[in-house]
Amino acid sequence: MSKEIFRLGELFCGPGGLAWGAYNAVSDDGEKSIVHAWANDFDPDTCETYKNNFCHGNGSSVYCCDVRELDITSLGSIDAFAYGFPCNSFSSVGEHQGLENAKFGQLYVYGVEVLKYYQPKWFLAENVSGLRSAGAGRHFQIILDDLASAGYTLVTNMYKFEEYGVPQTRHRIVIVGVRNDLDAQGVKFKVPSPEPYSHCDITAGTALANIPVYAPNNEIRKLQEKVRLRLSYIKPGQNIWQAENLPPDLMITTKTKISQIYKKLDPTKPSYTVTAAGGGGTFMYHWSEEQRELTNRERARIQTFPDDFEFVGKYSSVRKQIGMAVPPRGAEIIFRAILNTFAGIEYPSVEPSMK
């Protein structure tokens with residue numbers, strides 16, 4: 001097979017979880033790879049993070065603006081496209097309005113516009129597992145139909161990233177589309193099997209071990225003494241509702257008992273899902289006797305960002321960037337499978353979980 005480099009365009013690029021996976025993926029024969037063409041996000045800190053980690057001082061190809069104000073026709077031709085369109089209206093944590101959410105629900109259509117205009121050879125789209133049930137499933141089908149109508153054969157799968165060596169129970173829907181004319185020629189993507197990663201140590205204890213002193217974004221936030229005292233009653237793997245002998249003055253009152261409230265990680269198990277935002281008790285907590293939150297670097301470790309990947313912005317901004325991202329090493333596995341597909345290389349695969 002001849003050498004081929006796919007130029008990748010991205011919408012809603014975030015800090016670069018998908019990008020890291022894409023640019024580090026190579027086909028097994030070394031002949032197929034991916035390079036950056038352009039990217040877009042609306043958040044200034046996020047764009048700076050992306051520029052600093054991928055653009056080597058020249059960030060002119062990263063367009064920091066609302067996608068609704070972006071001139072898609074001026075971005076430049078691409079061979080591949082990726083986007084994790086905003087999940088706010090599909091997440092089970094949110095209002096779950098789906099396409100009816102006026103602010104976020106319809107933003108996926110801008111990716112459809114990119115596909116129709118540039119006709120890249122393939123694309124990858126990612127969203128939360130709640131996408132499947134939004135609008136009683138009708139909204140998900142509309143999205144799939146729109147992506148297919150742009151001229152692509154779709155393979156849709158729910159990836160449980162803890163099965164792919166990521167130390168976190170994180171489940172995401174990933175849609176891979178191959179342009180119809182290429183699919184007709186035998187370029188048929190298959191879902192990579194998790195079996196090769198079954199031996200991986202995905203415990204939180206291993207994931208958070210030996211963080212080097214040079215690693216950025218590793219500051220420990222000072223907690224109120226009352227919060228530290230509350231945490232002292234919670235054992236590793238437990239949340240506040242499971243704490244024994246918790247004094248009445250340390251109890252909290254909430255309308256719903258969300259399982260992640262003041263939940264400590266269990267060092268012998270994968271982490272629970274890293275989230276982007278949330279108030280008191282949702283910051284993820286270490287199992288150590290220090291009675292503390294995780295640092296942003298520890299959150300990044302759970303997401304599988306490398307230690308030299310530096311996030312730009314204040315604490316809450318960095319937390320948001322990390323929580324919104326796709327786990328880079330999980331993304332790399334999917335992108336490598338795409339590259340192997342185009343290289344004609346067989347790899348262990350499984351049937352897609354969604355037809």
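In this text the structure is predicted, and so the values were computed from the model without any measurement.
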**Asked** What class does the angle between the rings of His36 and Tyr23 fall in, given that below 30° is parallel, 30 to 60° is tilted and above 60° is perpendicular?
**Response** perpendicular
**Request:** With the side chain counted from C-beta on, respond yes when Tyr164 and Pro327 share a heavy-atom pair under 4.5 Å apart, and no when they do not.
**Result:** no
**Message:** Check this for me: Glu289, atom CD, are more than 12 non-hydrogen atoms of other residues, nucleotides or ligands nearer than 6.0 Å?
**Reply:** no
**Request:** Return yes if a side-chain donor-acceptor contact under 3.5 Å exists between Asp41 and Thr46, otherwise no.
**Result:** no
**Asked** Considering only heavy atoms from C-beta outward, does the side chain of Val187 approach that of Lys121 to under 4.5 Å?
**Response** no
**Ring geometry between Phe123 and Tyr152 (parallel below 30°, tilted from 30 to 60°, perpendicular above 60°)** = perpendicular
**Request:** Answer whether the closest heavy-atom distance between the side chains of Asn217 and Phe309 falls below 4.5 Å.
**Result:** no
**Request:** Could you walk me through whether Arg228 and Glu225 pass the salt bridge (Lys or Arg N to Asp or Glu O under 4.0 Å) test, one step at a time?
**Result:** CA-CA 5 Å; Arg228 294 185 72 253; Glu225 187 57 33; 3.5 Å; yes
**Message:** For Ser259 and Asn239, which I'm curious about, is there any donor-acceptor pair between the side chains at under 3.5 Å?
**Reply:** no
**Prompt:** salt bridge (Lys or Arg N to Asp or Glu O under 4.0 Å) between Glu48 and Lys51: does it pass, once the steps are laid out?
**Reply:** CA-CA 5 Å; Glu48 287 304 309; Lys51 290 176 186 178; 3.3 Å; yes
**Asked** Does Phe161 reach the side chain of Thr304, with side-chain heavy atoms less than 4.5 Å apart?
**Response** no
**Request:** Tell me whether the guanidinium CZ or amine NZ of Arg319 lies under 6.0 angstrom from the six-membered ring centre of Phe283 and within 45° of its axis.
**Result:** yes
**Item:** Lys264 atom NZ, over 12 foreign heavy atoms within 6.0 Å
**Value:** yes
**Request:** Specify the closest pair of heavy atoms between Leu8 and Ile78, including all atoms of both residues, with the distance to one decimal.
**Result:** C-CG2, 4.2 Å
**Item:** Of Leu124, Thr153, Asp183, Thr341, the residue whose pairing with Phe189 passes side-chain contact (heavy atoms from CB on, under 4.5 Å)
**Value:** Thr341
**Message:** Please tell me whether Thr49 and Gln321 have a donor and an acceptor in their side chains that are separated by less than 3.5 angstrom.
**Reply:** yes
**Message:** Students often mix this up, so state it plainly: with edges at 30° and 60°, are the rings of Phe6 and Phe342 parallel, tilted or perpendicular?
**Reply:** perpendicular
**Prompt:** Is there side-chain contact between Thr203 and Pro167, with heavy atoms separated by less than 4.5 Å?
**Reply:** no
**Asked** Does the ring centre of Tyr118 sit less than 6.0 Å away from the ring centre of Phe81?
**Response** no
**Prompt:** Counting only heavy atoms not in Lys235, do more than 12 sit closer than 6.0 Å to its NZ atom?
**Reply:** no
**Asked** Is any side-chain N of the basic residue among Asp307 and Arg301 closer than 4.0 Å to the acidic one's carboxylate O?
**Response** yes
**Prompt:** Do the rings of Tyr50 and Phe54 sit parallel, tilted or perpendicular, given the 30° and 60° boundaries?
**Reply:** tilted
**Prompt:** Can you tell if the side chain of Tyr233 reaches within under 4.5 Å of the side chain of Leu250, non-hydrogen atoms only?
**Reply:** yes
**Asked** Which heavy-atom pair separates Ile234 from Ala243 by the least distance, and what is that distance?
**Response** CG1-CB, 3.9 Å
**Prompt:** Given Arg297, which of Ile302, Ile220, Ile211, Ile322 fulfils the side-chain contact (heavy atoms from CB on, under 4.5 Å) condition?
**Reply:** Ile211
**Residue pair Tyr347 / Asp28, side-chain donor-acceptor N/O under 3.5 Å** = no
**Request:** Compare all side-chain heavy atoms of Leu265 with those of Leu208 and state whether any distance is below 4.5 angstrom.
**Result:** yes
**Message:** Are the side chains of Arg299 and Phe305 in contact, using a 4.5 Å heavy-atom criterion?
**Reply:** no
